Amino acid sequence: MNCLSPSILSADFTKLGEQIALLDQAGAQYVHIDVMDGMFVPSISYGMPVIRSIRGCTERIFDVHLMIEDPGRYIDDFVEAGADLISVHVEACGHLDRTIHAIREKGVLAAAALNPSTPLTGLDYILPELDMVLLMGVNPGFGGQKYIPYITQKIRDLRQMILRAGCQTDIEIDGGVNFENVTEILDAGANVIVAGSAVFRGDIEENVQTFLRMMDR
Ligand code: DX5
Ligand code: ZN
């Protein structure tokens with residue numbers, strides 16, 4: 001099944017709770033939460049206290065994308081704050097296997113995230129341990145950027161790799177997804193779609209419903 005994961009990085013933070021409720025009512029299955037530390041990426045966003053306080057707004061899956069150095073240090077804290085799914089960047093983990101297992105041992109879903117130019121070969125041995133792979137469609141750090149066209153081929157290659165390995169791994173695409181390119185991205189083999197600016201610009205519920213209609217296949 002295809003799932004939509006609206007990124008609250010583009011939300012109006014004065015109305016964050018209300019906007020999360022709108023996403024839920026419109027049927028978005030996940031809430032994408034971008035955590036940035038000012039080191040792995042230039043920006044600083046939000047962390048555990050915000051996640052804890054919005055946990056009461058919805059029962060949808062909290063899809064926590066850690067754009068932080070050495071994320072293994074904070075897995076317990078993010079699980080306690082309310083994460084259901086945690087993505088860690090392969091570029092930020094000195095010990096990816098250890099970190100993925102630390103996530104799974106906490107009983108939450110585990111994903112590895114790859115920057116646009118990071119090759120898929122980094123997933124060769126760890127793939128069967130992953131619930132999801134997050135492929136960045138832009139260089140991480142900011143919402144509202146343009147999708148990098150070569151990512152579509154990367155999605156196809158990853159879907160082939162997953163099929164060859166006999167796994168059920170989800171493929172999430174994050175960054176630059178909009179109504180114009182979502183069909184191409186799904187056709188290539190992605191099944192979890194992150195959208196920030198394309199959801200929060202204009203009517204949130206209508207945008208979620210439009211995405212869900214396009215993704216219903
Ligand atoms: C980028 C973040 C994305 C971002 C997506 O570093 O990981 O989740 O919020 O925003 P859009 O959909 O506007 O590209
Ligand atoms: Zn993200």
Side-chain angles (χ1 to χ4, degrees), residues 2-13 16 19-20 23 26 28-47 50-51 54 60-69 71 74 78 83-93 103 109-118 130-152 154-155 170-186 190-204 206-208 210-212 214-215:
N2 295 327
C3 292
L4 181 66
S5 191
S7 167
I8 59 166
L9 193 62
S10 297
D12 176 347
F13 297 127
L16 187 55
Q19 295 199 336
I20 290 171
L23 301 173
Q29 296 91 345
Y30 294 10
V31 178
H32 188 83
I33 303 172
D34 287 308
V35 179
M36 306 182 184
D37 66 351
M39 293 292 288
F40 180 68
V41 289
S43 311
I44 299 178
S45 58
Y46 33 69
V50 171
I51 297 174
I54 58 175
R60 300 290 188 182
I61 292 172
F62 269 16
D63 166 21
V64 176
H65 177 196
L66 296 182
M67 282 165 278
I68 66 175
E69 285 295 346
Y74 294 109
F78 282 106
D84 299 301
L85 160 61
I86 297 180
S87 298
V88 294
H89 272 263
V90 300
E91 306 88 354
C93 289
I103 297 170
L109 300 168
L114 268 58
N115 283 337
S117 74
T118 301
L130 302 175
D131 296 293
M132 186 177 85
V133 175
L134 183 163
L135 295 182
M136 289 302 311
V138 300
N139 289 296
F142 309 94
Q145 302 182 79
K146 204 176 161 328
Y147 177 78
I148 298 172
Y150 68 66
I151 299 304
T152 301
K154 194 175 182 184
I155 301 168
D170 288 327
I171 301 180
E172 179 175 63
I173 303 306
D174 182 9
V177 184
N178 54 41
F179 299 133
E180 281 68 53
N181 61 17
V182 67
T183 301
E184 165 189 322
I185 288 167
L186 294 168
N191 66 309
V192 181
I193 296 296
V194 177
S197 42
V199 162
F200 286 93
R201 206 188 299 118
D203 185 321
I204 297 173
E206 202 177 295
N207 290 336
V208 167
T210 303
F211 266 117
L212 290 175
M214 297 181 81
M215 292 167 61

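Bear in mind that the values here come from a model prediction, so they are computed numbers and not experimental data. Whatever order the structure lists them in is the order used to number ligands and atoms, beginning at 1.
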| query | Side chains of Gln29 and Leu4: closer than 4.5 Å at any heavy-atom pair? | reply | yes

With the criterion set at N/O pairs under 3.5 Å, what does the list of contacts between the protein and ligand 1 look like, atom names and distances included?
| residue | atom | partner | partner atom | Å |
| --- | --- | --- | --- | --- |
| ligand 1 | 6 (O) | Gly141 | N | 2.7 |
| ligand 1 | 7 (O) | Asp34 | OD1 | 3.0 |
| ligand 1 | 7 (O) | His65 | ND1 | 3.3 |
| ligand 1 | 7 (O) | Asp174 | OD2 | 2.9 |
| ligand 1 | 8 (O) | His32 | NE2 | 3.4 |
| ligand 1 | 8 (O) | Asp34 | OD1 | 3.1 |
| ligand 1 | 8 (O) | Asp34 | OD2 | 2.7 |
| ligand 1 | 8 (O) | Asp174 | OD1 | 2.6 |
| ligand 1 | 8 (O) | Asp174 | OD2 | 3.1 |
| ligand 1 | 9 (O) | Ser7 | OG | 2.9 |
| ligand 1 | 9 (O) | Asp34 | OD2 | 3.1 |
| ligand 1 | 12 (O) | Gly196 | N | 2.8 |
| ligand 1 | 13 (O) | Gly144 | N | 2.8 |
| ligand 1 | 13 (O) | Ser197 | N | 3.0 |
| ligand 1 | 13 (O) | Ser197 | OG | 2.5 |
| ligand 1 | 14 (O) | Gly176 | N | 2.8 |

| field | Set of salt bridge (Lys or Arg N to Asp or Glu O under 4.0 Å) partners for Asp84, sequence neighbours left out | value | Arg55

| message | Can you classify the ring geometry of His89 versus His65 as parallel (below 30°), tilted (30 to 60°) or perpendicular (above 60°)? | response | parallel

| Note, Ile193 side chain near Asn2 side chain (heavy atom, < 4.5 Å) | no

| Would Ser45 and Asp34 count as having a side-chain donor-acceptor pair, cut-off 3.5 Å? | no

| query | Is the count of non-hydrogen atoms from other residues, nucleotides or ligands lying under 6.0 Å from Tyr46 atom OH greater than 12? | reply | yes

| query | What is the ND1(His65)-the Zn ion (ligand 2)-OD2(Asp174) angle, to the nearest 10 degrees? | reply | 90°

| field | Ile68 side chain reached by Phe78 side chain, heavy atoms, under 4.5 Å | value | yes

| request: Give, rounded to 10 degrees, the angle between OD1 (Asp34) and NE2 (His32) as seen from the Zn ion (ligand 2). | output: 90°

